[in-house]
Amino acid sequence: MSLATRSCSVFARQALLPEGWRRNVRLEMTDGVFSQIRPDALMQPGDHCADITLPAMPSLHSHAFQRAMAGLTETRQDAADSFWTWREQMYALALRITPETMRAIAAQLYVEMLKAGFTQVAEFHYLHRAEDGTAYHHPAEMAQSVIAGACDAGIGITMLPTLYRHAGFDRPLAPEQRRFESTPEFIASIMSDLDATYRKNDRISVGVGLHSLRAVNREDMIEMLSLAPADVPVHIHIAEQQREVSDCVKALGRRPVAWLLDEVAVDQRWCLVHATHLEVREVRRLAVSGGVAGLCPVTEANLGDGLFPLQEFISAGGSFGIGTDSNVLPSANEELRLLEYGQRLMRQKRCCGLPDGEKGSVGRFLYDAALQGGARACQQGAAGLAVGQRADLCTIDDCALSLPDLEGDAILDSLVFARPAFPVRDVLCAGDWVIRDGHHRHEDAISAAFRSAMRDLRS
Ligand code: NGQ
Ligand code: ZN
């Protein structure tokens, strides 16, 4: 018995291909990958027609469960409210998530992400254990719940089971962190379990997370890296808060990024999430290492982290991608806009998001760069609309832009700077239309399950 091939085709008046904007582009998809892409083509019967077609963005950093506290941590409880007090609220939430609520929250978030222009998410997952801190019968239970939510929505996921062992530079875990407790062997067993289950699924891949230099010491890091397959992505939170930097200098004698670059071979597999607080030398060293800076401007603003030295980093050839992190507001254009506006406010200049000496569209540079860096961090190979790549894209109507008849890079500038949200009409992920006319076919059921899970959680 032969399996039927799945195929579809899109005809776009304008499409952003790896070589640049092209007109009248016909894209054919077979079994979830692009099989043919032709500019200056004729429309054919059965083509799905679009004014504008863009490659979809990856979110290279997400904690799905934190979607369940979006908007709930904006009340001042103490004059000294900070990242560290927010974290206590996050721990309280983490203690209440069950495998069932995890799936419902993840599915809701991922539908929202698809509508916001993302088709791939890297989940930095460390909620491994049951509420009382004991291991689940299947250690991958919670990771499987997140993946089940991704399957409900139809988004691609890079699952990163994350090693978390200390409360801070060799201090033992606090009771409220008991669900995160893990050893390198424990994480490796989750990874191999997931790999065996999902190896053939083109939307699911597995990498590894190291929570932070606070939560993972050198010895455990080296052991984790030796147990993980040699080619998988490695993500780590780093240098997000000033206090983390000073604690690191006290404990390890060096700043976090400098320490990491000295102690392990950071290369293209690595994603350094946040990397907010860098000295000039760390900026240059990280840029040439090939590691991706995982920038999460919305969450970094929400948590009061600081501003990443974007212009210095991209001028030194550094790669970056964007992550929705705490998922307080999952939005591809909001992340890029805030990234750029943070730089403008800091420097009191305009059009900062381009390497020194270059001219051109900021929207285009940021979109392209985040696409490349995100694809690398999620191990998706080359980014963009190209033959052989997984068939992911989003379509946008001309009338959804801020002005009529925009062409080329002006489209991206309109999307990034002049639209409140990413106005996607249809989204294709691995050859399936997951969003059509702005809707997901299961959105009502997914939203009802989410609302009921949230009521359970808060009762
Ligand atoms: C997290 N989130 O693991 O969810 C962290 C907070 C920590 C961000 N850093 C916890 N944005 O870093 O210790
Ligand atoms: Zn994070």
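Residues: numbered from 1 along the sequence shown. These numbers come from the heavy atoms of this one structure, side chains and all, not from hydrogens, waters or symmetry mates. One-based numbering, in listed order, for ligands and for the atoms of each.
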Just say parallel, tilted or perpendicular for the rings of H211 and Y164, cut-offs at 30° and 60°.
tilted
Suppose the cut-off is 2.8 Å; which protein N/O/S atoms would you list for the Zn ion (ligand 2)?
H61 NE2, H63 NE2, H237 NE2
Rounded to the nearest 0.5 Å, the CZ atom of R255 sits from the CD1 atom of I238 at a distance of 10.5 Å
Can you give me every donor-acceptor pair (side chain of residues 132-143, partner residue at least two apart or in another chain, under 3.5 Å) with its distance?
unit_1 : atom_1 : unit_2 : atom_2 : d
D132   : OD1    : T134   : N      : 3.0
D132   : OD1    : T134   : OG1    : 2.7
Y136   : OH     : R179   : NH2    : 3.1

Residue pair H237, H235: steps toward the side chain to side chain donor-acceptor pair (under 3.5 Å) verdict
CA-CA 7 Å; H237 286 137; H235 290 216; over 6 Å; no
Please identify which atoms of ligand 1 are closer than 4.0 Å to at least one heavy atom of M90.
1 (C), 4 (O), 6 (C), 10 (C)
Nearest to atom 1 (C) of ligand 1, what protein heavy atom do you find, and at what distance?
Y126 OH, 3.1 Å
For L303, atoms of ligand 1 separated by under 4.0 Å from a heavy atom:
11 (N)
Taking the six-membered ring for Trp, are the ring centroids of F308 and F313 within less than 6.0 Å of each other?
yes
Of all pairs that satisfy ring-ring contact (aromatic ring centres under 6.0 Å, His included), the ones with a partner from residues 64-96, not counting sequence neighbours
Y91-F180
Below 4.0 Å from ligand 1: does a non-hydrogen atom of E300 turn up there or not?
no
Sub-4.0 Å heavy-atom contact, E244 with ligand 1
no
Top protein contact for atom 9 (N) of ligand 1, by heavy-atom distance
E240 OE1, 2.5 Å
Which residue holds the protein heavy atom closest to atom 12 (O) of ligand 1, what is that atom called, and what is the gap in Å?
R214 NH2, 2.9 Å
The side-chain hydrogen bond (donor to acceptor under 3.5 Å, both in side chains) partner of D152 among Q108, R103, H442 is R103
Run the numbers for me: atoms of ligand 1, each under 4.0 Å from some heavy atom of D325, listed by number.
11 (N)
Strictly by ring-ring contact (aromatic ring centres under 6.0 Å, His included), give each pair with a member in residues 95-121 just once, sequence neighbours left out.
none
Heavy atoms only: which of W84, F65, Y164, W86 is nearest to atom 6 (C) of ligand 1?
W86
Using the benzene-type ring in the case of Trp, are the ring centres of H274 and H61 under 6.0 Å apart?
yes
For ligand 1, which atoms have a heavy atom of H237 less than 4.0 angstrom away?
1 (C), 3 (O), 5 (C)
Could you establish whether Q66 and ligand 1 come within less than 4.0 Å of each other, counting only heavy atoms on the residue side?
yes
If we only consider heavy atoms of F83, is any one of them less than 4.0 Å away from an atom in ligand 1?
yes
Distance-only side-chain donor-acceptor flag, T395 / T53, under 3.5 Å:
no
Distance under 6.0 Å and angle within 45° of the ring axis: does R129 meet both against F186?
yes
Please answer whether the main-chain N or O of S402 pairs with a side-chain N or O of S414 as donor and acceptor at a distance below 3.5 Å.
yes
For atom 10 (C) of ligand 1, what is the nearest protein heavy atom, given as residue, atom name and distance?
R87 CD, 3.4 Å
